[in-house]
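Take a look at this one; I'll ask things after.
Note that the coordinates shown come from a computational prediction; the quantities given were computed from them, not determined experimentally.
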Amino acid sequence: MELDDEKMQVDDGIDEISPMTLGHYYQHLFPHALYYKWLNYNGKLATTEYTHREFSFTIKDGIYLRYQSFKDSEEFQRELSRLSPSKIDIGAIFTAPPKHAKSLQPGVFKPVSKELVFDIDMTDYDEIRTCCQGGDICAKCWRFMTVAMHVLDRALREDFGFTKIMWAYSGRRGVHCWVCDERARKLDDPGRKAVAGYLSLIRGGAEQAKKVNLSQRNAQHPHIVRSLEIVEEYFEDVLLVDQEILLTRDRWTKVLNALPDEELRKIMDAQWSKRPDRSSVDKWSELIDAVDKRAAKKGSKFGLSTFERDLMLQMTYPRLDENVTTHVNHLLKSPFCIHPKTGRVCTPIAADQFDSFDPFAVPTLAQLLREVNEAPVHSGSAAKSTSMAPYIGVFEDFVSTVLPTPTGSQPSLDF
Amino acid sequence: MFNQRAVKKEGYPGEQTAVPEVVRRSRYPCRLSMYSDAPDVEVSIEEFETFALDRLQVLRAIEDAQLRAKGEDDMRKRVNEALEKHMPSHTNRSKLPPRQLVGERRKDHVSHFILRLAFSRTEELRGWFLRYECALLKHRFQNADLAEKQELLSSAQLRLAHLSPADRGAKLGNASSFYAQQEQLFEVDFERVLDLVGRSQVVLRAGRAFVPQSEVATLLIHEFRHTLTQALSVCAKALPQMGEDERLLPVLQNLSNQTARSEYQSTGAAGAVTAESVVGLSDSFPLCMQHLHSQLARDHHLRHGGRMQLGLFLKGIGLGLQDALVFWRRAFSAMTDDQFQKGYAYNIRHNYGMEGKRADYTPYSCHRVIMSNPPGPGDHHGCPFRHFSSERLRAALHKDSLPDPEVREVADLAQAGHYQVACTRHLELRLLHRRQNNQPQPDADIRLSAVTSPNQYFDLCLGCTKPAPPAAGADTASTAAAILSGAPKAAAAIY
């Protein structure tokens, strides 16, 4: 792959996300061969898994093109070059190539299958996190994502028996999960809704102070028991130490509002108002002590004995957007596209990297293009010589699990 | 199989006589059915219509009971009453003449299939039929005797195998304690018990669900729903061919028009609604929409769920597309024109059928607001009677200056799960207070039919608040008076 004549000048707009820079990315860095192998779920010959798949492109000033489909990887690459989309979404596999959708009888064009997907967005934690809000993230609140990945990954594997799971960084403030087992892909909307329901614990809009309310029976469910164990590992560090969830009156009021006992709420509020500067760790242990004592006096009917457990879950358990999971034809951002706001690549996250993954170490488009410029020219993929290499390695491992068992010798996968 | 039962006189508790021979040999030896085979009997055109209407009455009674019943016993009582009245069916052990038993079952069988045809036409009708047929089967199964349950289960061919205690320990380990020790468990693919999975009522291991004996009914209903869903799609395709028989189509159409439409048609009571007049009309909004409206005013923003719920409601009360664009643009005061155009204008036009597949979206019914798309953190949509914490709900009710006992009455109804009844009571109390401010009447009360959609609430509320115009407005006054006195006919006419 000769890059000399295409090397970009340093001041050539390399820092912008433009059709030009995106074009370079798609041409030299995007792992086309692996991507095709994944979505084709098969060897070299294109199947309807690939040709009937809907993609959507966002181009130029926010123009959104749906029902894109391609007959093979070459066509996909040509269109990418032509359009340089700032965003690529992956949709469902339909009964016919989506680009022919409009010419078909209504009712004939229907979704057939799609990966089972999950979207965890940091803005759903805005009412809990104290370090950032909205589109911002930092190392402290990122740990909510870590917990989410641990909890959900275990459930998907142990309870549902899924094995072909790929987690991906969304490029800005969240993570996505792609479950690619055939059984998962075949699930209809009610099936997806049931899986989402099984995995959801946080129930309630802005007007619900206490969003986790487990009955005694629910709490014994193995998924809850296991999730609680995981949550307990992270709760103190993440919520008490990092987030200091009880440090100020504003913050502790939110937590106290979830207490079912109004008198106790007033007592704790008064107690903390007298000496507000104590750490959240200390305040929490005081709170739990007080709750336990009161529970012992009043008996178990008053929701006090389950308060600690329910609150820990409310603050730490994954918050997933059920709408994204429920509908088979929902489109989700593709791995390996560039996030338009941050310039970061949407990279896969390996199952053993949940704790070590650092969203701030993910390469940006500008960084990658500079690296490509500075790398010595050699045959083989340009991506291998850049910071993309480890992420492509993760993708390669994942794709090899997704392909059907090889009948002959497996040539080394090129990028 | 039947021969064995005729001989074995013990075995089933309470069985006194064997199944009458005539019934046993007939087409309908069992009372309960999964309706897997289409009837191949002949019916007269009168039977065709009356059978179907009677069954429809039963299904509508179940719909009504689900809204109003105060607990499971009350629910069971109401459904049984409806069945007794319109479609009685007796067990093989009753002393009735065999001909009557067979006749009852024939009616059950035939009527199901007629309604299947009638309700296969649109997705909404199919959904309605599916929901209440499943509810009916569930009711009948739960109230059947052991013999009937076993008959139905074996005819359904569920392919269930009990888990041996050794297997139970091996496959579940500690999780086995989630179930009662003595409860039998079945192992099935999780896709067959989605209801139980979604509510975490079963343990899952590697994609297999462990279903306790007590939930076998769920498994049954699930299979039934699955099969019936497919059958309805098949029926929908077969419908056009029915055009040949001119007698049947009108009957079928008439049947499907009789359901309480979930699509409420606005009466246009508010006249022309402009972006400016929304605020003034908000006094007549139901609690869910008042909440969304005030949050919008406070935050200058609403998330998607809220925009849809409020936006479609406003469309329903008469806010046109241009006025809607102005309304939302002004409400989202913190963003630039460009941001509004790109992010939000398209969706508003989409709701009015001006984009994409040009579907004209209808405002949400209460059922949809309560059941679909529950609010997540940061969301303000949903039904306050369901989705607010009980304290928050009381606070919202107090804002209306309702006295304590009345707030408690409404909150208790909500707590008990009667969200629509609570909302309707709330409306009744508000109207009563408004009316009494004009003409105090100490022993007056208002009783309305249960509100089934926010737009219906709005029309009712507005209709009773508008001062009756002096001379020519006799009609409005009498409609309002009729509503206030709770005349069922006037209220029914509204929906």
Side-chain angles (χ1 to χ4, degrees), chain A residues 61-62 64 66 106-107 123-128 155 157-163 181 183-184 186-188 190-211 213-214 217-218 220-226 257-258 260 262 314 319-323 326, chain B residues 172-179 189-191 193-209 222 225-226 229 236-237 291 295 299 303-306 338 341-343 346 356-357 372-382 384 386-393 395-396:
Chain A
D61 301 311
Y64 188 64
R66 271 195 75 175
T123 52
D124 284 335
Y125 291 79
D126 278 355
E127 63 171 15
I128 298 282
R157 287 179 198 275
E158 290 174 20
D159 298 354
F160 289 96
F162 296 133
T163 56
D181 297 66
R183 192 176 177 186
K186 290 209 167 99
L187 274 177
D188 57 11
R192 287 162 203 257
K193 185 167 183 192
V195 176
Y198 180 89
L199 295 171
S200 293
L201 263 197
I202 316 279
R203 300 217 150 91
E207 302 302 322
Q208 261 300 1
K210 187 157 186 285
K211 297 186 165 76
N213 292 290
L214 293 172
R217 179 127 201 276
N218 284 154
Q220 290 178 318
H221 191 283
H223 168 64
I224 307 293
V225 170
R226 174 189 57 215
N257 276 343
E262 191 162 348
Q314 179 169 328
R319 296 169 171 229
L320 44 101
D321 185 345
E322 287 189 49
N323 277 326
T326 305
Chain B
L172 292 181
N174 283 340
S176 180
S177 58
F178 183 70
Y179 304 103
D189 283 333
F190 79 87
E191 290 91 337
V193 282
L194 291 179
D195 286 338
L196 297 175
V197 170
R199 289 179 290 129
S200 299
Q201 296 288 302
V202 283
V203 173
L204 296 185
R205 280 273 181 279
R208 305 279 279 171
H222 203 276
R225 183 180 295 130
H226 181 71
T229 307
K237 293 184 185 133
H291 179 64
Q295 289 300 125
D299 298 336
R303 289 177 125 206
H304 182 257
D338 199 45
Q341 277 307 314
K342 283 200 187 149
Y346 177 89
K357 65 179 182 195
S372 309
N373 196 19
D379 283 327
H380 295 290
H381 63 264
R386 175 165 189 196
H387 295 118
F388 278 21
S389 62
S390 98
E391 284 177 34
R392 186 64 193 76
L393 179 62

Can you tell me how far apart CD (Gln220(A)) and CG (Asn174(B)) are? Round to the nearest 0.5 Å.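 These two atoms lie 12.0 Å from each other.
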Are any non-hydrogen side-chain atoms of Phe190(B) and Val195(A) less than 4.5 angstrom apart?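 Phe190(B) reaches Val195(A) side chain to side chain.
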Looking at Val202(B), Leu196(B), Leu393(B), which has the largest count of heavy-atom pairs under 4.5 Å with chain A?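 Top option by heavy-atom pairs under 4.5 Å: Val202(B).
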Of all heavy-atom pairs between Tyr198(A) and Val197(B), which one has the smallest distance, and what is that distance?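 For Tyr198(A) and Val197(B), the tightest heavy-atom pair comes out as CD1-O, 3.3 Å.
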Contact class of His387(B) relative to chain A, heavy atoms under 4.5 angstrom: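 The answer is the backbone of His387(B).
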With chain A, which of Ser389(B), Ala206(B), Ser390(B) has the greatest number of heavy-atom pairs at distances under 4.5 Å?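 The answer is Ala206(B).
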Give, for atom CG of Leu194(B) and atom CZ of Arg192(A), the distance between the pair rounded to the nearest 0.5 Å.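 If we round to the nearest 0.5 Å, Leu194(B):CG and Arg192(A):CZ are 12.0 Å apart.
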Using non-hydrogen atoms and a 4.5 Å limit, figure out which bit of Arg205(B) sits close to chain A: side chain, backbone, both or neither.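 Interface part for Arg205(B): both.
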Tell me, yes or no, whether the heavy-atom count around Lys211(A) atom NZ, taken from other residues, nucleotides or ligands under 6.0 Å, exceeds 12.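 Check passes, neighbour count above 12.
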Need one label for Leu187(A): side chain, backbone, both or neither, based on atoms under 4.5 Å from any heavy atom in chain B.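 Answer is side chain: those atoms of Leu187(A) sit under 4.5 Å from chain B.
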Flag the pair His223(A) / Ser200(B) as yes when at least one side-chain heavy-atom distance between them is below 4.5 Å, and no otherwise.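 Side chain of His223(A) against side chain of Ser200(B), heavy atoms only: no contact under 4.5 Å found.
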Would you give the length of the straight line joining atom CG of Leu204(B) to atom CD of Glu158(A), rounded to the nearest 0.5 angstrom?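 Between atom CG of Leu204(B) and atom CD of Glu158(A) there are 11.5 Å.
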Quick one: OH on Tyr179(B) to CZ on Arg217(A), what's the gap to the nearest 0.5 Å?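 Going from the OH atom of Tyr179(B) to the CZ atom of Arg217(A) covers 7.0 Å.
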At a heavy-atom separation under 4.5 Å, does His291(B) approach chain A through its side chain, its backbone, both, or neither?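 Side chain only.
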Could you check whether any side-chain heavy atom of Phe178(B) comes within less than 4.5 Å of a side-chain heavy atom of Ile224(A), counting everything from C-beta outward?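 A side-chain contact under 4.5 Å is absent here.
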Toward chain A, the part of Asp189(B) with a non-hydrogen atom under 4.5 Å: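 Answer is both: backbone and side chain atoms of Asp189(B) are under 4.5 Å from chain A.
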Measure Gln201(B) against the heavy atoms of chain A and call it side chain, backbone, both or neither at under 4.5 Å.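 Gln201(B) touches chain A through backbone and side-chain heavy atoms alike.
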By side-chain hydrogen bond (donor to acceptor under 3.5 Å, both in side chains) - contacts of Asn257(A) (at least two apart):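 Once residues adjacent in sequence are excluded, Asn257(A) has no partner under the side-chain hydrogen bond (donor to acceptor under 3.5 Å, both in side chains) criterion.
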For the atom pair NE2 (His221(A)) and CZ (Arg199(B)), what is the distance rounded to the nearest 0.5 Å?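 Atom-to-atom, His221(A):NE2 and Arg199(B):CZ are 12.0 Å apart.
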Is the shortest distance from a Lys or Arg side-chain nitrogen in Asp124(A) or Arg303(B) to a carboxylate oxygen in the other one below 4.0 Å?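 The answer is yes: the pair qualifies as a salt bridge.
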When heavy-atom pairs shorter than 4.5 Å are enumerated against chain B, which of Ala196(A), Gly197(A), Ala155(A), Ala209(A) gives the highest number?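 When all of Ala196(A), Gly197(A), Ala155(A), Ala209(A) are compared, Gly197(A) has the most.
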Answer with side chain, backbone, both or neither: which region of Pro222(A) has an atom nearer than 4.5 Å to a non-hydrogen atom of chain B?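 Only the side chain of Pro222(A) comes within 4.5 Å of chain B.
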